[in-house]
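Below: one structure, written as structure tokens.
In what follows, chains are A, B, ... by sequence order, proteins preceding strands, each numbered from 1.
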Protein chains: 2
Amino acid sequence: MFRLLAARGASTRPQLGEVLGLSRPTLSAAIAELEDAGLASKVGELQGALGRKASVYRPGLNAGHVIAVDAGSTHIRLRVSSIDRRLLHSRIYRLPSSQFFLGEEISRAVAEEVAAALAEADPAWGPLQAIGIALPARVVGPQGDAKATRQQAIFSCFEPPADIPVVLENNVNCAAVAEHSNGIAQDHETFAYVQIGFKIGMGIMLAGKLLRGRNGAAGEISHLAFPMANGMRPIPGEIEHYMGTEALMQRVVGEWPQSASAPPTDAADLMERAAGGDATARAHVERHAEDIGAIVASCVSMVDPGLVVLGGGLGANPLILPTVHEVANRLSYPVEVRTSSLGQDATVLGIEKLATEHAVNLILGEAKP
Amino acid sequence: MFRLLAARGASTRPQLGEVLGLSRPTLSAAIAELEDAGLASKVGELQGALGRKASVYRPGLNAGHVIAVDAGSTHIRLRVSSIDRRLLHSRIYRLPSSQFFLGEEISRAVAEEVAAALAEADPAWGPLQAIGIALPARVVGPQGDAKATRQQAIFSCFEPPADIPVVLENNVNCAAVAEHSNGIAQDHETFAYVQIGFKIGMGIMLAGKLLRGRNGAAGEISHLAFPMANGMRPIPGEIEHYMGTEALMQRVVGEWPQSASAPPTDAADLMERAAGGDATARAHVERHAEDIGAIVASCVSMVDPGLVVLGGGLGANPLILPTVHEVANRLSYPVEVRTSSLGQDATVLGIEKLATEHAVNLILGEAKP
DNA sequence: TTATTATGTTAGGCAGCCTAACAAAATTTT
DNA sequence: AAAATTTTGTTAGGCTGCCTAACATAATAA
């Protein structure tokens, strides 16, 4: 009941009853109980086409709020939101320098931004229930071996407020969650999100739940066996080097015809020239799209998600969509391919969703801090 | 309650109560109800170390039985079992010739074996509740597009008895189910089963449930992108040709030193010589194990199952285990690797498990025929 | 004004499960 | 052999969560 109210936001009793399949007396009793506990409060009335007005309820003051942080390689994005995901406050901070790995730089910036957000706190937001942080690192669950990952580095310079639970999740997984809750995959309970940019990664959503895996490594396609061919031996992590923008641009610049204009300076430049009709740029983009299509095909051959959403600096460009779709479907099994529509906010929206879910579980006593 | 009785087989009330967390009065009432419906019957008593004897119950006559068929490429294996998986009757039929694909040959043989099994039926078995058939083909669920697969070919010469529901499943998925219910993966709710032999395939079990995918293609690693390397373009289905025993033996024979004894005649011969210490055979097996390790690494990078069980003509050989384990863990993330222990019976045991589960769902009115 | 429709409340009941207490049947202790 | 202990099973009574039925309330439509 409360879970649904938190997920839907403002709702009337009939709306909740329809979803839950409960009778009106039951609904009234439940709402009364939630109001007594301060977990629901009436915020207005809704007039249907006919008949009496329905009261509209929202999570109450005691439901509180969460802080969601995208601890990215270049920016820290932070959102403070109510438990039903209304935005209360947001911040963006650009790191002085790009970070290859999660480390002290990022931890320090997160500490500052969270402190600033805490200073803005308004009593009307209710209590802070959780802090969610999306990390550019592998993250293991409570039963996993946290020492085997880099995830603890987020706490090197950042100490969360006492007694506030912290939710950690991999940033690509967060983006997948966001595509499901806010983005292009809202109509699919099962899909894969593939991120192609500086690094590569994948998030897998199965029946509405994130697949994490035993080591939090599900979707870590940076470790797909590559190169993989007769007579070759794969090298750990090599596919990320091959597919990442850095190696791509090296190949582009290396093969750029001397007769033509100066080679593109970065991936964005390359994509722009390809969009503008430059044949050389187009060919390189096409080639890269084929490689992305091959990765998608491997994903389909393994988990057959039915839908793959493309994101990341390169992946989110609609230019590559047709080729990725064509190659993936030719190599494996029918799969729909879509381009992400959330842009830079995907990750922070995803960790926000996970943080609010965790907060609801805590309030309902169904999870440990 | 009935579901648990079917899963456990003979059980006492206290045993069921402990698992379900129900009180003794509730248990008594439920058992009485099941006995009235003919779905449970007392089959004996069990004396503990101390205290009164406990009555032992089993699924009753009305619970009936199922027929499970492994419609394999070389053999048809059939088991008739009670709903709690006690073997009532079994048959094996060797096909006159190996079948590359599911077709009329297999369908005809299945028809004959099922007819023979039906003729053996004993009234004490109760009603036939379901026929399960494991197919060497992709199988889609009820909501999928059955016309896109070869699965309907099983019915070209075989017509199941009227009103008897038929459960179809891919044979590799069945083997995975069997490893979970009867085999080496009983202690893992999440794992992948990788079959390497004439063909290659994978079955993925997540939280105790088979991952099927949108097109029934989850685990169809025969369509992983291959070859996959800088400057190469993948070819659909090529990895199955490369990894299958046929191509392996071609390479082995082609590279066999002329000075030595005659090259091995088949994969079993190769493995035997490798086990016997033949250096050339060993090198080839080692090389193949590396390739299998690479595939396992790709699987781990995608779904991170924590455990991979190796099966199939080549995969089930313990000789390859160390190398597969070493390569997979070097290329990706920590994963345990085990060798299947079920042998040729894996598939039929798996489809038996699925058929009994379906039968229980039907009896409980939780599935459609 | 009256009819219709949707929302919300009151009253009463049923299903599923529980605990407490007791009865029955086995063992161990006296 | 009798008594105490332990486990299984039954009986009685009660609680929780939900339901339906009927009624009250408040809006629009006729």
Side-chain angles (χ1 to χ4, degrees), chain A residues 1-60 62-63 84 360-361 363-367, chain B residues 1-60 62-63 84 360-361 363-367:
Chain A
M1 179 76 218
F2 176 66
R3 192 182 300 281
L4 184 64
L5 190 60
R8 291 187 40 114
S11 307
T12 66
R13 270 182 268 203
Q15 287 167 352
L16 297 173
E18 181 143 14
V19 175
L20 293 173
L22 295 177
S23 67
R24 275 174 288 155
T26 306
L27 257 292
S28 286
I31 285 280
E33 208 178 316
L34 286 178
E35 275 195 293
D36 284 350
L39 292 176
S41 65
K42 186 172 168 178
V43 295
E45 301 193 317
L46 186 72
Q47 179 61 63
L50 219 66
R52 182 173 169 175
K53 283 199 281 253
S55 299
V56 178
Y57 292 87
R58 255 221 277 262
N62 289 352
D84 57 337
V360 169
N361 287 339
I363 290 168
L364 297 178
E366 292 170 12
Chain B
M1 179 79 217
F2 175 66
R3 193 182 301 280
L4 185 64
L5 191 61
R8 291 186 41 114
S11 306
T12 67
R13 271 182 269 205
Q15 287 167 352
L16 297 173
E18 181 142 16
V19 175
L20 293 173
L22 296 178
S23 67
R24 276 175 285 153
T26 305
L27 257 292
S28 286
I31 285 279
E33 207 179 317
L34 286 179
E35 276 195 293
D36 284 351
L39 292 176
S41 65
K42 185 172 168 177
V43 295
E45 300 193 316
L46 186 73
Q47 180 60 62
L50 219 66
R52 183 172 166 176
K53 281 200 282 255
S55 299
V56 177
Y57 291 87
R58 255 223 276 263
N62 289 352
D84 57 337
V360 169
N361 287 338
I363 291 168
L364 297 178
E366 291 170 14

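- Summary of the strand contacts: A:Lys53 and A:Pro25 both lie near DNA chain C, and taking for each the nucleotide with the nearest heavy atom, the more 5' one is attributed to A:Lys53.
- Between the CZ atom of A:Arg13 and the CG atom of A:Leu22 there is a distance of 13.5 Å, given to the nearest 0.5 Å.
- Atom-to-atom, CZ of B:Arg24 to P of C:dC18 comes out at 12 Å; the value is rounded to the nearest Å.
- Of the two residues near DNA chain D, A:Leu22 and A:Arg52, the one whose nearest nucleotide lies more 5' is A:Leu22.
- Across the protein-nucleic acid pair, A:Leu50 atom CG and C:dA3 atom P stand 16 Å apart, rounded to whole Å.
- In this structure the side chain of A:Ile31 reaches within 4.5 angstrom of the side chain of A:Leu16, judged on heavy atoms.
- Between A:Ser55 and the phosphate of C:dG8, there is a side-chain N or O to OP1/OP2 separation shorter than 4.0 Å.
- Separation of atoms CZ (B:Phe2) and CG (B:Asp84) is listed at 8.5 Å; rounding is to 0.5 Å.
- By the neighbour-count criterion of 12 heavy atoms within 6.0 Å, atom CD of A:Glu18 is sparsely surrounded, having that number or fewer from other residues, nucleotides or ligands.
- Mapped onto DNA chain D by nearest heavy atom, A:Gly51 and A:Ser23 fall at different nucleotides, with A:Ser23 at the one closer to the 5' end.
- Side-chain nitrogen and oxygen atoms of A:Arg13 include at least one within less than 4.0 Å of the OP1 or OP2 phosphate oxygen of C:dT9.
- For the pair B:Leu20 CG and C:dG16 P, the interatomic distance rounds to 15 Å; values are reported in whole Å.
- Looking at A:Ser11, its side chain does come within 3.5 Å of a backbone N or O of A:Gly9 through a donor-acceptor pair.
- Looking at heavy-atom distances under 4.0 Å, B:Ala29 makes no contact with the nucleic acid at all.
- Taking 4.0 Å as the cutoff to heavy atoms of chain A, we find the contact window on DNA chain D bounded by D:dC18 to D:dA29.
- Within 6.0 Å of atom CD in B:Gln47, more than 12 heavy atoms from other residues, nucleotides or ligands are found, so the atom counts as buried in its surroundings.
- When heavy atoms are screened at a 4.0 angstrom cut-off, A:Gly17 is found touching no nucleic acid atom at all.
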